There are 2 protein chains.
Amino acid sequence: MSRLPEYLRALHALAETGHETVSSEGLASAVGVNSAKLRKDLSHLGSYGTRGVGYDVALLIDQIESVLGLTQCRAVALVGVGNLGHALAGYDGFASRGFRIAALLDADPSRVGERINGLVVRHVDELSRVVAEETISIGVIATPAPAAQAVADELVAVGVTSILNFAPCVLSVPEGVDVRKVDLAIELQILSFHEHRKASLTALPATGGSALTALPGGLATTDTQEAIGT
Amino acid sequence: MSRLPEYLRALHALAETGHETVSSEGLASAVGVNSAKLRKDLSHLGSYGTRGVGYDVALLIDQIESVLGLTQCRAVALVGVGNLGHALAGYDGFASRGFRIAALLDADPSRVGERINGLVVRHVDELSRVVAEETISIGVIATPAPAAQAVADELVAVGVTSILNFAPCVLSVPEGVDVRKVDLAIELQILSFHEHRKASLTALPATGGSALTALPGGLATTDTQEAIGT
DNA sequence: AGGCGCTTGTGAAGAGGTGCACAAATCGCG
DNA sequence: CGCGATTTGTGCACCTCTTCACAAGCGCCT
Ligand SMILES: NC(=O)c1ccc[n+]([C@@H]2O[C@H](COP(=O)([O-])OP(=O)(O)OC[C@H]3O[C@@H](n4cnc5c(N)ncnc54)[C@H](O)[C@@H]3O)[C@@H](O)[C@H]2O)c1
Ligand SMILES: NC(=O)c1ccc[n+]([C@@H]2O[C@H](COP(=O)([O-])OP(=O)(O)OC[C@H]3O[C@@H](n4cnc5c(N)ncnc54)[C@H](O)[C@@H]3O)[C@@H](O)[C@H]2O)c1
């Protein structure tokens, strides 16, 4: 389930504020989901709640981390240390979430050798050597779109089976390889769509505007978080 | 539909390579979705295809952009010009997708005045003035998590009704305000989950591992793109 | 020990998305 | 002009995800 990481984040926050147990209601409202859904999700990984009491925060964290395979730190290789790659390499928030940036790779010779956050940028040709040194389990692509497919192919070739892609393009990968993409422009466009719909609804409350703006309520934009709390 | 932006991106790519029309099959495979689903999506915004021929690329681009409200460039305000904010501010890929970064805001006085990509960083207190100058339709939060809620409140207070949040936390906003979040650690954790599942499946092909790893096939991790093409 | 309030876990109903398969429509060509 | 090839648009069945509602279980208080 893709919601498990969100539960995990909320649980860590609760643990830090001293809570030892949470009710499904409490955790659900912290994450912004229905409490029944949360209970059903949690029940899929076994029964770790106590009726009448709730869930043991620490125990649940362990359980979720175990299911997510975060029991030990996972090493990720970052390919493309440009604008965005620099930000990612300099980000210290991954460590606490179970990840360690183990290698920085770039094709630009003038970038190779640069030191960022204690890591030296290496040439992308060294990829196979890097993978041999470290047990890389995830590759992150932060190169321009035209180079992304080639980089993905290289990652797959050296045995990486999970890729996070920031380039705005679709990657072709063999079966068994997982790709997730983050495209900020798409996020903005989805917001733009809602903005557009809100605007035309207030402008023409009765008649309705174009075909789509007249559609019922909230359509289906994945992962939105609309109107939580006050 | 959250797939519309993806279609749009693929259509732009097709337009650049000279295609004047596309069949649903062609476009679907470029995006990595079922062709029937694509046709159904497209039929929701009216009939703009010609049977026996396909869809007119240019016309379809116009239609989708119109539905998404991208007919004119939308102005976005970026709050938090740190590590990640710099990368976003320096990114030139938004313009071609319908967005213009119109303002950079930060709370740190030592950052105020800095010039990035032709824009001057202004103090976050000037937010209301900035919104008055420009018609800001989207706010982007790239501050540390503890500051994110306060920034969101300020954005809402000055009339912003769409927010893209990079801070790893849940935002509370009043009804009518849309929030989308991008949490890279969550993306990595979802990949980690699949990685973990793949590992335990190959290790114990018959017995199956823990409760969850024994679940059927592909679970439900939103937005994955698994094994497309070869 | 017994009862009471609270919370989990889950069956069942509902809603929505997905994909197949096919009729309707259009184009090109003989 | 008619026919076949091609492709759209969609009815229908299926399936997953969501949500409600409630029984079962647990702890605490009397
Ligand atoms: N910067 C952002 O805020 C932002 C936002 C959204 C999307 N993106 C996307 O992220 C990607 C990177 O953006 P950026 O702004 O960092 O671009 P950039 O041009 O600053 O950096 C790209 C880096 O990739 C390296 N590179 C190019 N080809 C390579 C190859 N074959 N192997 C290894 N490295 C290679 C380049 O040397 C460069 O250092 C782009 O696809 C962009 O569309 C960036
Ligand atoms: N850098 C990354 O690659 C990365 C990756 C994933 C998530 N994030 C998240 O993005 C956010 C920003 O990350 P970062 O690395 O850029 O952090 P950063 O510390 O480098 O930058 C944060 C910026 O926000 C400013 N700020 C703080 N409080 C503010 C306020 N109230 N109003 C306006 N500005 C304020 C700070 O002055 C600073 O310039 C964080 O929440 C982080 O968790 C970053």
Side-chain angles (χ1 to χ4, degrees), chain A residues 1-4 6-7 10-11 14 19-57 59-60 63-64 67 190 211-212 215-228, chain B residues 1-4 6-7 10-11 14 19-57 59-60 63-64 67 190 211-212 215-228:
Chain A
M1 306 278 170
S2 59
R3 284 185 296 269
L4 251 36
E6 308 195 32
Y7 301 160
L11 284 166
L14 286 168
H19 296 70
E20 297 199 348
T21 62
V22 228
S23 68
S24 63
E25 199 75 43
L27 182 55
S29 73
V31 180
V33 301
N34 186 302
S35 69
K37 176 156 53 175
L38 184 140
R39 284 199 298 277
K40 190 150 290 191
D41 287 347
L42 259 41
S43 74
H44 283 316
L45 38 114
S47 291
Y48 296 100
T50 311
R51 302 180 182 215
V53 177
Y55 297 90
D56 182 296
V57 173
L59 180 61
L60 198 49
Q63 275 303 320
I64 293 182
V67 168
I190 293 173
L212 245 198
L215 283 180
L219 286 200
T221 44
T222 323
D223 247 351
T224 320
Q225 167 206 329
E226 190 165 356
I228 285 176
Chain B
M1 306 283 173
S2 58
R3 284 186 296 268
L4 252 35
E6 309 195 32
Y7 301 159
L11 284 166
L14 285 169
H19 295 71
E20 296 200 347
T21 61
V22 228
S23 69
S24 62
E25 200 74 42
L27 182 55
S29 72
V31 180
V33 301
N34 185 300
S35 66
K37 176 155 54 177
L38 184 139
R39 284 199 299 275
K40 192 155 290 187
D41 287 346
L42 259 39
S43 74
H44 283 317
L45 38 113
S47 292
Y48 295 101
T50 310
R51 302 183 182 209
V53 177
Y55 297 90
D56 182 296
V57 173
L59 181 62
L60 198 49
Q63 275 303 319
I64 293 182
V67 168
I190 293 174
L212 245 199
L215 283 180
L219 286 200
T221 45
T222 323
D223 246 350
T224 320
Q225 166 206 327
E226 189 165 354
I228 285 176

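Just so it is clear, the model here is predicted, and its values are computed rather than measured. Each chain gets a letter, A, B and so on, in the order the sequences are listed, and its residues count up from 1.
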I want to check one thing: is the phosphate of [N], taken as OP1 and OP2, less than 4.0 Å away from some side-chain N or O of [X]?
X	N	value
A:Ser24	C:dT8	yes
B:Tyr48	D:dT7	no
A:Arg3	D:dT18	yes
B:Tyr55	D:dG9	yes
B:Thr50	C:dT26	no

Checking contacts here: which listed nucleotide ([options]) is nearest the side-chain heavy atoms of [X]?
X	options	value
A:Ala36	D:dA21, C:dG9, C:dC20	D:dA21
A:Arg39	D:dC22, C:dC27, C:dA21	D:dC22
B:Arg51	C:dG9, D:dT7, D:dA21	D:dT7

Rounded to the nearest 0.5 Å, what separates atom [atom1] in [X] from atom [atom2] in [Y]?
X	Y	atom1	atom2	result
A:Leu38	A:Tyr55	CG	OH	6.5 Å
B:Asp56	B:His19	CG	NE2	13.5 Å
A:Leu27	A:Glu6	CG	CD	11.0 Å

How far apart are the closest heavy atoms of B:Ala28 and B:Ser35, and which atoms are they?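 Looking at all heavy atoms of both residues, the closest pair is CB-CA, 3.5 Å.
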Atom-to-atom span, [atom1] of [X] to [atom2] of [N] - whole angstrom:
X	N	atom1	atom2	result
A:Leu42	C:dT7	CG	C1'	13 Å
B:Glu25	D:dT8	CD	C1'	12 Å
B:Leu27	D:dG9	CG	P	13 Å
A:His19	C:dT7	NE2	P	13 Å
B:Met1	C:dG16	CE	C1'	10 Å
B:Lys37	D:dC12	NZ	C1'	18 Å
A:Leu38	D:dT19	CG	C1'	14 Å

DNA chain C: B:Asp41 or A:Val53, which has the more 5' nearest nucleotide?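 Residue closer to the 5' terminus by nearest nucleotide: A:Val53.
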Contact nearer the 5' end of DNA chain C, comparing A:Lys40 with B:Asn34: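 Closer to the 5' end of DNA chain C: A:Lys40.
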Checking all strands, does B:Ser35 fall into the base, sugar-phosphate, or nothing category for heavy-atom contacts under 4.0 angstrom?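 If one applies the 4.0 Å heavy-atom cut-off, B:Ser35 turns out to touch nothing in the nucleic acid.
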Would you say the side chain of B:Val22 lies within less than 4.5 Å of the side chain of B:Leu60, judging by non-hydrogen atoms?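 No, side chains not in contact.
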